[in-house]
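One structure is given below, encoded as structure tokens.
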Protein chains: 2
Amino acid sequence: MKVKSVDIARESLADRVRQILTDRIVDGTYPAGTRLVEMQIARELNLSQAPVREALCALEAARFVETEPYRGTRVRRIGERECREAYQVRAVLEGLAAELGTANLRARLRELRAAADATLAAAKRGEVMRYLHHNVRFHQMIIEAANNEVLRQTWESLAFTVGARIRASRATGDMIAVAKEHREIVEAVAHGDARAVGRLLRRHAEVLVEGMAEV
Amino acid sequence: MKVKSVDIARESLADRVRQILTDRIVDGTYPAGTRLVEMQIARELNLSQAPVREALCALEAARFVETEPYRGTRVRRIGERECREAYQVRAVLEGLAAELGTANLRARLRELRAAADATLAAAKRGEVMRYLHHNVRFHQMIIEAANNEVLRQTWESLAFTVGARIRASRATGDMIAVAKEHREIVEAVAHGDARAVGRLLRRHAEVLVEGMAEV
DNA sequence: AGAAAATCGATTATCGATAATCGAAAATAT
DNA sequence: ATATTTTCGATTATCGATAATCGATTTTCT
């Protein structure tokens, strides 16, 4: 009988490689522009080129990296323009989410308000990472309330574009102002005013776009 | 001096495979649920497993197919619900495009109107394929006018979900009604009324959702 | 010296073969 | 006869090696 080492591996090697590379890109170990050389990574992780290549293929699809034929793969660089564009798209997606999901959201009002409060609290204390965490959570709740899987995935596909830029720019400028807007949004949800929620979310994203500095 | 044969092959094998498989999925050669066996395809095209596998990876990312570890890949089946969801998302994307791009669009009003007219003409003659073609073209023009690359790509990523369902359901019900709405939209563009264009487009997509029958 | 051509090292793209895994069918046990 | 285990064929996942291509460097020619 074969004993599976510890069976931590229910996933394929390629999946694990993908996860590792994703982490490194997100946490800044591989900054924008870094070349990802297949055999280098393969040797480091003690495996062959194939699973690495597959992981890179997935990362390219998620637009984390760019690949040119015979020229290799590098971590994608996200410009101010692209980030602005992504914010505009996200804004309407969240606006839609609001109109679809305000009713559901109202049922979980307590939770939503908690997220908003946590965001504000972190902002006031200047705890950037915590602030970002709760901020994401707040928006995520809104998206999930819409109960529209296509919407959720589409929204998530923009997360990297937006997130990378935020981290890069350290644009934590007016965290407090942003967090306060969350409370406004919570109030609109409490009143069940879907249109208002949508409008606030769209404006919310627009403000963030304005507040973005060039790097 | 090197003469590049005819440079028909500037793309990798994997790219070509991807194109071939995409075509077959879109044109119905591989209906939903069809298994895509790597070595089978490789033998048919006289190449090894690797490029086929890479192509499948790309198709999975585009959500044309689904892959389960050690269980293979099959053409994705798109349900009524998912299609409805995709339409809702598309609707707000086009609404955004309208508000961003109505000014640009106005400059190309003649072209837009031509597309709308062609759609209506095809609808009246019952030429389904031509109708679909011009219909897509019309919406594409609106998206492109917005001059927002993230928006364009996001919109395009929904094309399969929506298109597959349309072909499957043969839901050509009220082509004429749809085409007539296009003319309304053209008029709003002519007046430069971005808000109205946005509203019309959102309603436009909603109507299509209603008109969708279960298969 | 300066431009064109040949060479070279590094890396990707592809190949052919093997290992791992799955589902179903066959064999065995109760 | 039914339930459990074993075997088997098919297919995916991974490997190691080779071919193709690229950019830079060196060489050659004028």
Side-chain angles (χ1 to χ4, degrees), chain A residues 1-22 24-25 30 32-76, chain B residues 1-22 24-25 30 32-76:
Chain A
M1 181 179 112
K2 268 178 262 175
V3 177
K4 320 252 184 91
S5 38
V6 188
D7 203 317
I8 277 187
R10 187 65 269 144
E11 36 185 8
S12 68
L13 290 186
D15 275 335
R16 258 202 305 212
V17 176
R18 188 174 53 72
Q19 193 52 56
I20 290 172
L21 295 182
T22 304
R24 291 186 183 175
I25 292 173
Y30 295 151
T34 305
R35 277 197 63 185
L36 267 37
V37 178
E38 299 180 358
M39 279 309 293
Q40 236 168 35
I41 297 167
R43 273 192 300 271
E44 182 198 333
L45 304 177
N46 271 88
L47 27 83
S48 84
Q49 198 186 355
V52 176
R53 198 175 165 75
E54 197 172 326
L56 289 180
C57 178
L59 288 191
E60 183 182 17
R63 302 185 49 100
F64 279 51
V65 302
E66 269 171 339
T67 299
E68 278 193 285
Y70 291 104
R71 311 263 337 275
T73 302
R74 30 182 86 243
V75 177
R76 210 158 72 85
Chain B
M1 182 179 94
K2 268 180 263 175
V3 176
K4 319 250 182 97
S5 40
V6 188
D7 205 316
I8 276 186
R10 189 63 273 145
E11 37 184 7
S12 68
L13 289 186
D15 275 335
R16 262 203 300 215
V17 175
R18 188 174 52 75
Q19 193 53 56
I20 291 173
L21 295 183
T22 305
R24 291 185 182 176
I25 292 173
Y30 294 152
T34 306
R35 277 199 61 188
L36 266 39
V37 178
E38 299 180 359
M39 279 310 293
Q40 236 170 34
I41 297 168
R43 272 193 300 271
E44 182 197 334
L45 303 178
N46 270 88
L47 27 83
S48 84
Q49 198 186 354
V52 175
R53 198 175 165 77
E54 200 173 324
L56 289 180
C57 177
L59 288 191
E60 183 182 17
R63 302 182 49 91
F64 279 52
V65 303
E66 269 170 340
T67 299
E68 277 194 285
Y70 291 104
R71 311 263 337 275
T73 302
R74 26 183 88 246
V75 178
R76 209 158 72 85

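Residue numbers start from 1 in every chain, and the chains themselves are labelled A, B, ... in the order their sequence lines are given, proteins ahead of strands.
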- request: Kindly determine whether B:L36 and B:V65 satisfy side-chain contact (heavy atoms from CB on, under 4.5 Å), including the steps that lead there.
  value: CA-CA 9 Å; B:L36 266 39; B:V65 303; 4.0 Å; yes
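- Of the candidate nucleotides C:dA13, C:dC22, C:dT14, C:dC22 has the atom nearest to the side chain of B:Y70.
- Between the base of D:dA13 and the side chain of B:Q49 there is a donor-acceptor pair shorter than 3.5 Å.
- For B:A55 against B:V17, the heavy-atom pair with the smallest separation is CB-CG1, 3.6 Å.
- Among the atoms of the strands shown, none is found under 4.0 Å from any heavy atom of B:L56.
- Counting only heavy atoms from C-beta on, B:V37 has its side chain closest to D:dT12 among D:dC15, D:dT12, C:dC15.
- If you take CZ of A:R74 and C1' of C:dA10, they are 14 Å apart, rounded to a whole angstrom.
- Ranking D:dT14, C:dC15, C:dT11 by closeness to the B:R53 side chain, first place goes to D:dT14.
- Panel note: side chain A:R74, backbone A:G33; a donor-acceptor pair is recorded below 3.5 Å.
- Rounded to whole angstrom, the span from the CZ atom of B:R18 across to the P atom of C:dT14 amounts to 13 Å.
- Considering only side-chain atoms of A:R35, the nucleotide from C:dT11, D:dT14, C:dT14 that sits closest is C:dT11.
- Side chain of B:L47, nearest nucleotide from D:dA13, C:dC15, D:dG23: C:dC15.
- Atom CZ in B:R16 sits about 13 Å away from atom C1' in C:dT14, given to the nearest Å.
- A distance of 10.0 Å separates CD1 of B:I41 from CD1 of B:I20, quoted to the nearest 0.5 Å.
- Considering only side-chain atoms of B:S12, the nucleotide from C:dC15, D:dC15, C:dA13 that sits closest is C:dA13.
- The nearest heavy atom of DNA chain D to A:N46 and to B:L36 marks one nucleotide each, and the one closer to the 5' end goes with B:L36.
- One interatomic measurement links the two molecules: CG of A:L45 to C1' of D:dC15, which rounds to 15 Å at whole-angstrom precision.
- When distances run from any side-chain atom of B:M39 to the nucleotides D:dT12, C:dA13, C:dG16, the shortest one goes to D:dT12.
- Between the CZ atom of A:R43 and the P atom of D:dC15 there is a distance of 14 Å, given to the nearest Å.
- One interatomic measurement links the two molecules: CD of B:E54 to P of D:dT12, which rounds to 16 Å at whole-angstrom precision.
- Side-chain nitrogen and oxygen atoms of A:R71 include none within less than 4.0 Å of the OP1 or OP2 phosphate oxygen of C:dT11.
- In this structure, the CD1 atom of B:I41 is 13 Å from the C1' atom of D:dT12, given to the nearest Å.
- Separating the CG atom of A:L13 from the P atom of D:dT12 is a distance of 17 Å, rounded to the nearest angstrom.
- Counting only distance, with no hydrogens or angles, the side chain of A:R76 and the backbone of A:R63 share a donor-acceptor pair below 3.5 Å.
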